[in-house]
Amino acid sequence: MNKKEAIILTAARLIHEHGYNHVGIKSILDELNIPKGSFYYYFKSKEDLGIAIIELYINDTSDCLDHCEKNLNGLKDFFNIFFDRLIELSLKRGCPVGNLILELADENELFRNKLMEWYSVVTTWIKQILTSENINDPEEKAKALFAAFEGTMLVSKLEKDKIHFEIFNSYTFDGIINSRING
């Protein structure tokens with residue numbers, strides 16, 4: 001791993017633990033024991049680093065999507081990959097991108113646009129699966145599944161209880177897939 005990658009990964013972990021606005025460049029560099037000049041060689045600003053972190057999450061999510069089957073079981077597997085990650089963290093920290101959305105979407109348009117890119121990657125993939133499975137209202141259901149997924153991550157973090165993952169898999173997922181829009 002090169003210095004730039006080390007800075008991005010360390011910053012991503014610290015920001016996931018403490019939040020973007022509570023992690024300074026100095027704390028990242030101190031942990032890596034590298035001089036400040038090294039940071040500015042790779043990044044113009046903390047904002048530039050933040051964009052690189054979101055890009056890291058877009059790439060990680062895309063890799064997960066590439067390894068999941070393109071069907072409803074694969075879709076459920078995708079959600080469970082992230083549920084398992086939260087369990088590995090003892091239900092602490094929550095979804096790293098969800099946290100960034102909560103913290104930064106109203107604060108910085110550049111961040112909001114990059115976070116929308118991540119959202120689009122996920123919801124487009126979901127919509128493609130729902131369309132291929134002949135599920136009605138695939139765009140709306142992709143958005144509903146995404147919102148339910150993020151809500152499940154948030155409530156699991158709050159209550160420190162993985163029962164919400166079971167609820168999502170047993171009720172929420174199928175409920176959204178099988179629902180109809182009244183109109």
Side-chain angles (χ1 to χ4, degrees), residues 12 15-16 19-20 47 50-183:
I15 289 168
H16 191 199
Y20 179 84
E47 179 181 75
I51 294 298
I53 291 168
I54 298 167
E55 192 66 43
L56 170 78
Y57 291 134
I58 291 169
N59 292 335
D60 175 62
T61 302
S62 295
D63 286 345
C64 287
L65 296 173
D66 289 343
H67 289 94
C68 291
E69 292 181 36
K70 309 292 189 264
N71 57 37
L72 291 178
N73 287 333
L75 178 54
K76 220 178 228 191
D77 289 344
F78 168 76
F79 293 129
N80 285 308
I81 287 168
F82 289 92
F83 295 158
D84 289 344
R85 286 181 181 182
L86 190 55
I87 290 168
E88 288 172 16
L89 294 170
S90 302
L91 301 173
K92 296 180 180 175
R93 300 186 203 167
C95 173
V97 184
N99 293 349
L100 289 172
I101 290 169
L102 289 170
E103 187 175 8
L104 301 173
D106 288 338
E107 186 175 301
N108 181 307
E109 193 64 13
L110 190 60
F111 284 144
R112 191 183 77 74
N113 287 330
K114 194 54 130 173
L115 291 162
M116 281 294 299
E117 188 178 324
W118 176 78
Y119 171 76
S120 179
V121 165
V122 177
T123 56
T124 298
W125 185 80
I126 296 170
K127 180 183 171 190
Q128 289 170 350
I129 289 174
L130 299 180
T131 300
S132 72
E133 295 280 336
N134 296 313
I135 304 295
N136 64 313
D137 307 312
E139 185 169 351
E140 292 83 0
K141 288 182 178 180
K143 291 176 181 182
L145 283 166
F146 178 88
F149 162 70
E150 281 296 330
T152 298
M153 297 284 277
L154 191 66
V155 175
S156 296
K157 175 184 171 181
L158 175 66
E159 291 189 353
K160 304 291 184 237
D161 193 343
K162 64 183 182 179
I163 188 71
H164 298 285
F165 305 141
E166 296 168 28
I167 292 168
F168 179 91
N169 283 312
S170 297
Y171 300 104
T172 309
F173 184 88
D174 291 335
I176 291 171
I177 295 297
N178 296 318
S179 68
R180 294 225 173 258
I181 294 177
N182 295 330

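We're numbering straight along the sequence, starting at 1. Computed from a predicted structure; not experimentally measured.
- For K157, the side chain to side chain contact (heavy atoms under 4.5 Å, CB included) partners at least two apart in sequence or on another chain are N99, K160.
- The distance from atom CG of L72 to atom CG of D77, rounded to the nearest 0.5 Å, is 11.0 Å.
- Every residue two or more places apart in sequence or in another chain that forms a side-chain hydrogen bond (donor to acceptor under 3.5 Å, both in side chains) with D60 is listed here: R85.
- In this structure, F79 and F168 have perpendicular ring planes: the angle between them is above 60°, well past the 30° mark.
- Under the rule for a side-chain hydrogen bond (donor to acceptor under 3.5 Å, both in side chains), H16 has no partner lying at least two apart in sequence or in another chain.
- For N73, there are no side-chain hydrogen bond (donor to acceptor under 3.5 Å, both in side chains) partners, not counting sequence neighbours.
- The ring pair (Phe, Tyr, Trp, His ring centres under 6.0 Å) check on F146 picks up W118, Y119, with sequence neighbours excluded.
- Taking CD1 from I177 and CG from L130, the interatomic distance works out to 4.5 Å, rounded to the nearest 0.5 Å.
- Between L91 and I87 there is a side-chain heavy-atom pair separated by less than 4.5 Å.
- Contact of the E117 side chain with the N113 side chain is not registered, since no non-hydrogen atoms from C-beta on lie closer than 4.5 Å.
- For the pair D174/N169, no side-chain contact is recorded, criterion being any heavy-atom separation below 4.5 Å from C-beta on.
- Residues L56 and A12 come closest through the heavy atom pair CD2-CB, 4.0 Å.
- A 4.5 Å side-chain heavy-atom check between L100 and Y20 finds at least one atom pair inside the cut-off.
- Between the side chain of S156 and the backbone N or O of M153, no donor-acceptor pair lies under 3.5 Å.
- Remark: side-chain polar atoms of S179 are paired, donor with acceptor, to backbone N or O of I176 under 3.5 angstrom.
- Every residue was checked against the salt bridge (Lys or Arg N to Asp or Glu O under 4.0 Å) condition with E140, not counting sequence neighbours, and none meets it.
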Task: Check against side chain to side chain contact (heavy atoms under 4.5 Å, CB included), I58 and V97 - done: CA-CA 9 Å; I58 291 169; V97 184; over 6 Å; no
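- By the salt bridge (Lys or Arg N to Asp or Glu O under 4.0 Å) test, E47 pairs with no residue at all, sequence neighbours left out.
- By the 4.5 Å heavy-atom criterion applied to side chains, I51 and L110 are counted as neighbours.
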Open item on the list: If you apply the rule side chain to side chain contact (heavy atoms under 4.5 Å, CB included), what do you find for I126 with V122, and how did you get there?
Closed with: CA-CA 6 Å; I126 296 170; V122 177; 3.8 Å; yes
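- Distance alone, capped at 3.5 Å, is enough to place a donor-acceptor pair between the K70 side chain and the L65 backbone.
- Contact of the N136 side chain with the K141 side chain is registered, since non-hydrogen atoms from C-beta on lie closer than 4.5 Å.
- Applying the ring pair (Phe, Tyr, Trp, His ring centres under 6.0 Å) rule to F165 yields the partners F83; only residues at least two apart in sequence or on another chain are considered.
- Shown here are the salt bridge (Lys or Arg N to Asp or Glu O under 4.0 Å) partners of K92, two or more places apart in sequence or in another chain: there are none.
- By the neighbour-count criterion of 12 heavy atoms within 6.0 Å, atom CG of D106 is sparsely surrounded, having that number or fewer from other residues, nucleotides or ligands.
- Note: T131 OG1 to E133 CD = 10.0 Å, rounded to the nearest 0.5 Å.
- The two atoms that bring I81 and C64 nearest to each other are CG2-SG, 4.1 Å, heavy atoms only.
- Between the CD1 atom of I54 and the CE atom of M116 there is a distance of 12.5 Å, given to the nearest 0.5 Å.
- Looking only at distances, no side-chain donor or acceptor of K127 sits under 3.5 Å from a matching main-chain atom of E139.
- The ring-ring contact (aromatic ring centres under 6.0 Å, His included) pairs that include a residue from residues 53-74 number zero, where partners must be two or more places apart or lie in different chains.
- Note that the CD atom of E150 and the CG atom of L102 stand 8.0 Å from one another [nearest 0.5 Å].
- For the side-chain hydrogen bond (donor to acceptor under 3.5 Å, both in side chains) test, no residue two or more places apart in sequence or in another chain qualifies with D161.
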Task: Pair T172-F149, side chain to side chain contact (heavy atoms under 4.5 Å, CB included): steps then yes or no - done: CA-CA 9 Å; T172 309; F149 162 70; over 6 Å; no
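- Separation of atoms SG (C68) and CG (D63) is listed at 11.0 Å; rounding is to 0.5 Å.
- In terms of the salt bridge (Lys or Arg N to Asp or Glu O under 4.0 Å) criterion, K76 has no residue partners (sequence neighbours excluded).
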